[in-house]
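Worksheet: one structure, shown below.
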Amino acid sequence: MASVPSLASSVNQRVADALASALPEAGAADPLLRRSDRADFQANGILALAKKAKANPRELATTVVGGIPAGGDGDLIREIEVSGPGFLNITVTDRAIVETLAARAADARLGVPLSDHAGTTVIDYAQPNVAKEMHVGHLRSAVIGAAMVEILEFTGESVVRRHHIGDWGTQFGMLIQYLIEHPHELDHGPREEVSGEEAMSNLNRLYKASRVLFDSDEAFKTRARTRVVDLQAGEPETLALWQRFVDESKIYFYSVFNKLDMDIQDPDVVGESGYNDMLVETCRLLEESGVAVRSNGALCVFFDDVKGPDGNPTPLIVQKSDGGFGYAATDLSAIRDRVGNLKASTLLYVVDARQSLHFKMVFETARRAGWLNEDTKAVQLAFGTVLGKDGKPFKTREGATVRLVDLLDEAVERATAVVREKAEKIGLSEAEIVENGQYVGIGAVKYADLSTSAARDYKFDLDQMVSLNGDTSVYLQYAYARIRSILRKAGDRGPAAHPELELAPAERALGLHLDHFGELLEEAATEYAPHKLAAYLYQLSSLFTTFYEQCPVIKPEPELAVGENRLFLADLTARTLTKGMSLLGIRTPERL
């Protein structure tokens, strides 16, 4: 089915046509239509157009109103009036609201259009490090990135996932050398028989043991450093053991992502090592083009606006003076691969805000080299820090970094207790309690993150996250479950749109908000702002609560047509809620 024009776009077109007739020299002018508290919509663009045309804005507004048919029940616009110096306050008909929503309800996509400017986005998110435990600092990249994947794909973008895991570097020389000298340390069954916790337990034990030996035994330290050279040279035994570490780590990564209800596929995991074969050429291209220059033996890129505390330029070091490659070489090679081989039009990096300067320099270097241009852009979706209740970076009582697994398990435990309190009343089985506890707990963690603008820090407060009141995922999940319960209790009555009916104020407010879903999603996708979708869904749930309190749906039983129309509004609200929540990576249980 074709996309359904929103009420706002239909009204905007009516006003734009009238503007074109009243002021032909303005051409295709934008009325700047916005939602309003004084009416359904307000057009604010006439003042600026009148000023440009040296016309009286109120007179121009009056002329525009005269060119717009209004007042008929069968028409789009019920009332339009000039306000103040030339604003237009516009109220649409009840029929237009219901008919537009009925068209949306008939479409599996809820009438949401595909983008006219869809391209290919490579999104870099969820980037844990091999042989290291995932901690609370890994949460935001995974959650925000996964939501942006879903939102972009739903709006028509072709999305390529990339998990740029830390799987290369000097620490692997230490680990591999230790394992060669202690081969029994990693002796267990096939991968499929190893749990994530067991895999990380093995890796932790190896890392600690190798670190002790590295720090205390100079001969071992020398052998470990030599092993790094073997790794970089591709020596077969060294590479095989390195691969063993990567495989063990993936078992663990996938177990954590599974707890987060995220699907991470092997082909999408392309770590630092995936670009090794490109590093030398990347450096050569940068040096030959003059983008990078040698400074004290290192290959550097300098920027006029990036200086250190001493006032001297701080370069991006692509290759160190000893010939080793840093993060910049890998990141620039990744850009070459993603643009040249994956044909990306957008590179989206969901990375901690503290790395903003690094990526600013990397992106500028890629632009100077011609790898980024008008047709291909790179964007960092920078995110803030997860804080504890005290407003300081989230730590354990002992001051250690919080393990992500522990945090997720506690969230599910708290949520399960909340679900269990209401389980008997609605007859949930133990299996349903456990399943819903997972959905509510993980949803609570994701929503707390996604309902905050990514750039901001946020406080991790499980008590608030699993609360039934306030701006929480549990509130939204209960709103959805309540609607499903209403629909089950409706008996012989079913959802049916009745455009002929007059709508109550709460019905109008809910209907107008439902109609805004497609425009909101376009905004969230364009601005890389999943928090805007979260805010929309919270407001939708709040408007439904008001509607349900003021407009009886089942009891006391309204007239047949009124009841069917209200069931229709409830059903469309539920469908919009579950679609929006799924785009945020949050499940909506049918009974809660």
Side-chain angles (χ1 to χ4, degrees), residues 6-8 34-42 78 89-102 104-105 110 422 443 447 451 464 467-490 493 495-499 501-520 531-559 561-581 584 586 588-589 592:
S6 69
L7 289 163
R34 302 288 184 268
R35 287 295 306 276
S36 172
D37 294 332
R38 299 188 176 186
D40 295 336
F41 301 100
Q42 186 175 78
R78 185 174 77 194
N89 289 333
I90 303 164
T91 302
V92 297
T93 63
D94 292 345
R95 175 178 289 277
I97 294 174
V98 177
E99 286 181 342
T100 300
L101 294 182
R104 291 190 176 283
L110 301 176
K422 294 183 174 289
Y447 187 83
S451 60
Q464 174 58 30
S467 171
L468 301 179
N469 302 310
D471 188 6
T472 67
S473 70
V474 195
Y475 177 70
L476 274 62
Q477 287 168 321
Y478 266 106
Y480 174 78
R482 175 195 279 180
I483 298 172
R484 298 303 301 160
S485 175
I486 291 168
L487 293 170
R488 286 193 296 270
K489 293 175 181 176
R493 293 187 173 190
H498 285 274
L501 294 175
E502 182 178 338
L503 298 177
E507 292 174 306
R508 285 183 60 86
L510 179 60
L512 286 166
H513 194 66
L514 284 167
D515 181 60
H516 185 53
F517 185 52
E519 291 165 332
L520 183 282
H531 70 281
K532 292 195 171 185
L533 174 55
Y536 171 89
L537 295 173
Y538 174 62
Q539 188 178 358
L540 178 61
S541 298
S542 300
L543 288 170
F544 179 80
T545 299
T546 302
F547 156 78
Y548 187 64
E549 290 170 351
Q550 297 181 6
C551 304
V553 179
I554 299 176
K555 293 182 181 179
E557 187 173 82
E559 290 180 25
V562 172
E564 288 179 338
N565 200 59
R566 288 175 179 171
L567 285 170
F568 161 72
L569 288 172
D571 182 61
L572 186 55
T573 299
R575 290 175 60 193
T576 305
L577 268 175
T578 195
K579 170 51 71 177
M581 293 287 270
L584 296 179
I586 300 173
T588 43
L592 198 57

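One-based numbering along the sequence shown.
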- Message: Using side chain to side chain contact (heavy atoms under 4.5 Å, CB included), reason through D94 and E507 one step at a time and then give a plain yes or no.
- Response: CA-CA 9 Å; D94 292 345; E507 292 174 306; over 6 Å; no
side-chain contact (heavy atoms from CB on, under 4.5 Å) involving [X] - partner list, sequence neighbours excluded:
X: T576; answer: L110, L514, F517, Y536, L540, L572
X: Q42; answer: S36, N44, F87, N89
X: A481; answer: L592
X: E557; answer: R493

Output all residues satisfying side chain to side chain donor-acceptor pair (under 3.5 Å) with [X], sequence neighbours left out; order by chain, then residue number.
X: E519; value: S6, H516
X: R484; value: E590
X: T573; value: none
X: N565; value: none

- Query: With no hydrogens and no angle check, is any side-chain donor or acceptor of R566 less than 3.5 Å from a backbone partner on P552?
  - Reply: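 Looks like yes, one N/O pair under 3.5 Å.
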- Message: So does V92 get a backbone contact from the side chain of D40, meaning a donor-acceptor N/O pair under 3.5 Å?
- Response: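 Yes; at least one donor-acceptor contact below 3.5 Å.
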- Query: How many angstroms lie between atom CD1 of I486 and atom NZ of K555, to the nearest 0.5 angstrom?
  - Reply: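 Those atoms lie 12.0 Å apart.
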Least distance between heavy atoms, [X] atom then [Y] atom:
X: A105; Y: R575; result: O-NH1, 2.7 Å
X: A570; Y: I483; result: O-CG2, 3.1 Å
X: L577; Y: S541; result: CD2-OG, 3.5 Å
X: A39; Y: T91; result: CB-OG1, 3.7 Å
X: C551; Y: A504; result: SG-CB, 4.0 Å
X: L537; Y: G580; result: CD1-C, 3.5 Å

- Item | Those residues that, when tested against H531, pass ring-ring contact (aromatic ring centres under 6.0 Å, His included) (two or more places apart) |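 For H531, no residue satisfies ring-ring contact (aromatic ring centres under 6.0 Å, His included) once neighbours in sequence are set aside.
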- Item | Partner residues of Y478 under the ring-ring contact (aromatic ring centres under 6.0 Å, His included) criterion, sequence neighbours left out |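 Residues passing ring-ring contact (aromatic ring centres under 6.0 Å, His included) with Y478: none at all.
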- Task: Please tell me if the side chains of R34 and F41 come closer than 4.5 Å, counting only heavy atoms from C-beta onward.
- Result: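 SC-SC contact between R34 and F41 ruled out.
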- Flag side-chain contact, heavy atom, 4.5 Å: L501 against E559: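 They are not in side-chain contact.
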- Message: Can you pull out every side-chain hydrogen bond (donor to acceptor under 3.5 Å, both in side chains) where at least one residue sits in residues 467-476? Sequence neighbours excluded, please.
- Response: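 Every side-chain hydrogen bond (donor to acceptor under 3.5 Å, both in side chains) pair that includes a residue of residues 467-476, provided the two are not neighbours, is Y447-D471, Y475-T545.
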- Return the set of residues passing salt bridge (charged side-chain N to carboxylate O under 4.0 Å, His left out) with K532 (not counting sequence neighbours), or none when no residue passes.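 Applying salt bridge (charged side-chain N to carboxylate O under 4.0 Å, His left out) to K532 gives E523, E527.
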- Query: Should we count CZ of F547 as having more than 12 external heavy atoms under 6.0 Å?
  - Reply: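 For F547, atom CZ is crowded (more than 12 foreign heavy atoms under 6.0 Å).
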